[in-house]
Every structure is written in structure tokens, then in C-alpha cells.
Amino acid sequence: MIAFEVSKRQLCDKSLREIGDVAGVNSSTVKGAIRQARALGLLTVQERRLSRYRNDINVVRIVGKAWLAWIDLRGARGGVQRRTGTDTSDLREAPKRASRADRGARTPKRLPKERRQA
């Protein structure tokens, strides 16, 4: 989610809850992931204080060269490859498979009675 926002606008100013909702995780998971990426030097976080006890949403910027290169290669596609579907019209017209009895399949042999009880 952060990489997608950065590819569109060069920064991410979404709340932890918004990022978590899109990613399908809790906001505390997003917070921990951002903290780890920040410790690894992959991104910076600009805290925006409004008053002593209130903050605005933080601004996250990606600074990792490898991550930025990946975003440039991926572009605005969102990381999804565009593919055409497979034509399955001929599969519907194919004859149904014959059952095991029609093919002459052998039934599995049973073990002798004394070996089954062991």
C-alpha cells in the first residue's frame, strides 16, 4: 500500500488504519512493519505535530534505492500482470471420461484374512 501511494504521489500520508484495511492486517501490524523498515533505512517517517497532545497523520517516504528502483520498474500498474484468459470452450464439448468399470480397471486385491488382522 505504501509503495503504491509512493508510486502515485512520491509520499504516503494514509493513516495506519487505512493502510491496514487495504492490506488486510491490523494497524499495529502496519506500525510494526513501518518501524522495522525505518530501522533498516528503507523509509523515513515525518511526524506532524499539531499541538502538545495531537498529531496529524505521519508522512512516509521511501528512501531505499532498491525499493525505489522496483517501484520505477513496476510503474503505475500496481504490480499485477495483465493476462488474457484461457479459452475453455473446447473443454465443455469434450466427451466425458469413462468410469473405471467401463475402462476395464482391476479392483484392488484384498489381503488374506490372517494378514488383515495383524
Side-chain angles (χ1 to χ4, degrees):
M1 170 69 185
I2 292 172
F4 182 71
E5 285 293 316
V6 168
S7 70
K8 287 193 324 186
R9 303 178 341 176
Q10 275 60 48
L11 59 93
C12 177
D13 61 351
K14 301 288 184 190
S15 69
L16 297 176
R17 185 174 182 175
E18 289 174 316
I19 295 170
D21 287 346
V22 172
V25 295
N26 195 347
S27 60
S28 62
T29 304
V30 175
K31 190 175 187 178
I34 289 175
R35 185 180 297 132
Q36 284 183 340
R38 186 179 186 181
L40 292 171
L42 297 175
L43 50 83
T44 61
V45 179
Q46 175 189 356
E47 296 178 357
R48 298 191 290 179
R49 296 220 177 248
L50 296 178
S51 67
R52 189 172 192 177
Y53 300 107
R54 292 191 52 201
N55 293 330
D56 198 5
I57 297 172
N58 296 337
V59 175
V60 178
R61 289 185 175 86
I62 296 176
V63 294
K65 291 180 182 179
W67 199 355
L68 288 171
W70 178 77
I71 290 171
D72 288 341
L73 285 175
R74 182 185 60 135
R77 297 181 313 206
V80 178
Q81 294 181 358
R82 309 285 185 234
R83 296 190 185 252
T84 58
T86 304
D87 182 22
T88 58
S89 61
D90 60 336
L91 295 177
R92 288 185 214 122
E93 298 168 3
K96 295 193 177 201
R97 294 179 113 184
S99 67
R100 288 185 92 178
D102 293 342
R103 291 188 306 221
R106 295 184 338 180
T107 57
K109 293 183 179 181
R110 295 185 60 136
L111 293 175
K113 198 172 199 178
E114 58 274 356
R115 290 186 75 190
R116 276 188 274 155
Q117 292 174 355

Taking every non-hydrogen atom, the tightest pair across [X] and [Y]:
| X | Y | answer |
| --- | --- | --- |
| Arg38 | Val45 | NH2-O, 3.8 Å |
| Ala3 | Ile62 | CA-CD1, 4.0 Å |
| Val63 | Gly41 | CG2-O, 3.5 Å |

| message | Using side-chain contact (heavy atoms from CB on, under 4.5 Å), reason through Arg48 and Ile57 one step at a time and then give a plain yes or no. | response | CA-CA 7 Å; Arg48 298 191 290 179; Ile57 297 172; 4.1 Å; yes
Only residue of Leu11, Val59, Val60 satisfying side-chain contact (heavy atoms from CB on, under 4.5 Å) with Gln46 is Val59
| said: I'd like to know whether Asn58 forms a side-chain contact (heavy atoms from CB on, under 4.5 Å) with Ile34, so could you lay out the CA-CA distance, the side-chain angles of the two residues, the decisive distance to 0.1 Å, and finally the verdict. | reply: CA-CA 11 Å; Asn58 296 337; Ile34 289 175; over 6 Å; no
Atom pair [atom1]/[atom2] of [X] and [Y] - distance to nearest 0.5 Å:
| X | Y | atom1 | atom2 | result |
| --- | --- | --- | --- | --- |
| Lys14 | Glu5 | NZ | CD | 4.5 Å |
| Leu16 | Asp21 | CG | CG | 11.0 Å |
| Lys31 | Ile19 | NZ | CD1 | 12.5 Å |
| Lys65 | Leu42 | NZ | CG | 13.0 Å |

Handout entry: Same apolar cluster (I L V M F W Y, side chains within < 4.5 Å links), Leu40/Val30
Key = yes
Should we count CZ of Arg49 as having more than 12 external heavy atoms under 6.0 Å?
->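 No.
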Q: Give a yes or no on whether Arg17 atom CZ has more than 12 heavy-atom contacts from other residues, nucleotides or ligands under 6.0 Å away.
A: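 It does not: Arg17 CZ has 12 such atoms or fewer within range.
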Notebook entry, point to check: Could you walk me through whether Leu43 and Cys12 pass the side-chain contact (heavy atoms from CB on, under 4.5 Å) check?
Noted result: CA-CA 11 Å; Leu43 50 83; Cys12 177; over 6 Å; no
- Hey, are the side chains of Trp67 and Val6 touching, using non-hydrogen atoms and a 4.5 Å cut-off?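 Not touching, per the 4.5 Å side-chain cut-off.
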